[in-house]
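A quick write-up on the structure given underneath.
Predicted model, so just to flag it, every value in this text is computed and none were measured.
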There are 2 protein chains.
Amino acid sequence: MPEDAAKKPSRIQLRNRKKIMEAALNVFSQHGYRGATLDQIAEAAGMSKPNLIYYFDGKEAIHVAVLNRLMEDWLAPLHEMDPNGNPLDEILTYARRKMEMSRKFPKESRLFANEILQGAPRMAPHLETGLKPLFEEKAALIGRWIGQGRLAMVNPEQLILSIWAITQHYADFDAQIRVLIPDEATGWDEAFIHVEEMFRKLLSVSERSD
Amino acid sequence: MPEDAAKKPSRIQLRNRKKIMEAALNVFSQHGYRGATLDQIAEAAGMSKPNLIYYFDGKEAIHVAVLNRLMEDWLAPLHEMDPNGNPLDEILTYARRKMEMSRKFPKESRLFANEILQGAPRMAPHLETGLKPLFEEKAALIGRWIGQGRLAMVNPEQLILSIWAITQHYADFDAQIRVLIPDEATGWDEAFIHVEEMFRKLLSVSERSD
DNA sequence: GTTGTTTTTTACCATTTGGTAAAGGCACGA
DNA sequence: TCGTGCCTTTACCAAATGGTAAAAAACAAC
């Protein structure tokens, strides 16, 4: 059984685990956890249902595995926010990176959103240990920048939530946006511009008050 | 059969239909469409499963009924945006109303989000006929205000999307926010302040450029 | 009260679904 | 060529789930 993970996994194990997780990402993100079936995942992965169970302990184990891998990529842009950089640039770059993730990895965003919507039943620990410390660290950093007068006065925690809200909205509510703004290409362009201008205006230190 | 809706429904029909829809809102918003079961809804409504089917054509009919009633309340604040009011006030009031809805009706928000996340399979027509015309009307109105120099230059469509994104985020990602900002009371207060200041700053016409 | 209609319950059913058992297949070293 | 251990498939199963049939109960009109 490859479940142990104590020994090094063979090439075929790595390949099939990856195939399963890719298939699971597609199916889970489209139908949600309970809406997805093992048969769907098996078909998408090009293998039989019992074969999934051979590589993972069950449906929930697959879901958790996909979510955990997801979170790493998901937090990377926030990690990259550099205390030694220019505050405004750092935050705008972060927002831009999150927008890029929404455009390039909408399935990942929707899978995550789905899990949170349902109360994060399978991810609460990961939020506590992975997300929360990083969130607090970066909120403190932004707070320091504000204290130094290098950013406008904003609640740092609320600022981060705003960036998440807006950037993820473009992926998560894609179905709605496509109805309202049918032209996909210009929609994304305008979204990038809007988000950048919005946070630039919010964070720029007013020149008048010197 | 009360399904006809041609004749006037009896008092008992109205009462039970409402009980079912309330129960369904709770269950659907927590588990999603496929995650919810008729048995759960029946228990929450205090009646038997076949009794649900007596009042509604089936699971999907219940879901559609709940979503449709939802959309009316959901669009009301946007309807109230007054062409004759003060532009900044109108938009900030709208944003505040949406925040209030997120705080008071998070289940409604999550049910809606869940449906959109999954591609709006049961609501695409309602989006086209109900939401889209209103969206375009109000975007045009904001565009006129900007043309008159009464608001800062912003893409009106992107502005509306931003308001939706941020306000709904507080309801939809509640599980995440409660991990990051445990104190619920002050969290909401700060959220209200942040959202108001954010859009005020974005939309205020700069005094310097006169 | 009797009768006809609306509402509710009891007992089912067919399908779907997550999961298992156990028998093959297959690669690869001896 | 023959094991030996990893991988895959076939054939199932028990529980859950959306839905139905039909009888019983409640109710309303007379």
Starting from [atom2] on [N], measure out to [atom1] on [X] and report it in whole angstrom.
X	N	atom1	atom2	answer
B/Ile53	C/dC13	CD1	C1'	14 Å
A/Ile41	C/dG18	CD1	P	8 Å
A/Leu52	D/dT9	CG	P	11 Å
A/Glu43	C/dT17	CD	C1'	15 Å
B/His63	D/dG19	NE2	P	13 Å
B/Glu60	D/dG19	CD	C1'	14 Å

At a cut-off of 3.5 Å, list every protein nitrogen or oxygen paired with a nitrogen or oxygen from nucleotides 8-11 of chain C, distance to 0.1 Å.
from, atom 1, to, atom 2, distance (Å)
C/dT8, OP1, B/Asn16, ND2, 3.4
C/dT8, OP2, B/Asn16, ND2, 3.1
C/dT8, OP2, B/Tyr55, OH, 2.6
C/dT8, O5', B/Asn51, ND2, 3.4
C/dT9, OP2, B/Ser48, OG, 3.4

Determine which pairs satisfy salt bridge (Lys or Arg N to Asp or Glu O under 4.0 Å) with at least one residue from residues 151-180 of chain A, sequence neighbours left out, and list them in order. A/Asp174-A/Arg178

Could you give all pairs that pass the salt bridge (Lys or Arg N to Asp or Glu O under 4.0 Å) test and reach residues 26-40 of chain A, with sequence neighbours left out? A/Asp39-A/Lys49

Between B/Gln13 and C/dT7, is there a contact of a side-chain N or O with OP1 or OP2 at under 4.0 Å? yes

CD (B/Glu136) with more than 12 external heavy atoms under 6.0 Å: yes

Could you tell me whether B/Phe105 atom CZ has more than 12 heavy atoms of other residues or ligands within 6.0 Å of it? no

Residues B/Gly187 and A/Gln158: closest non-hydrogen pair is O-NE2, 3.7 Å

N/O donor to acceptor pairs below 3.5 angstrom from side-chain atoms of residues 71-85 of chain B, sequence neighbours left out:
from, atom 1, to, atom 2, distance (Å)
B/Glu80, OE1, B/Arg97, NH1, 2.3
B/Asp82, OD1, B/Asn84, N, 2.9

State which residues pass salt bridge (charged side-chain N to carboxylate O under 4.0 Å, His left out) with A/Lys201; sequence neighbours excluded, sorted by chain then number. none

Under a 4.0 Å threshold between the charged nitrogen and the carboxylate oxygen, would A/Arg200 count as salt-bridged to A/Glu196? yes

Within residues 33-40 of chain B, residues whose heavy atoms come under 4.0 Å of DNA chain D: B/Ala36, B/Thr37, B/Leu38

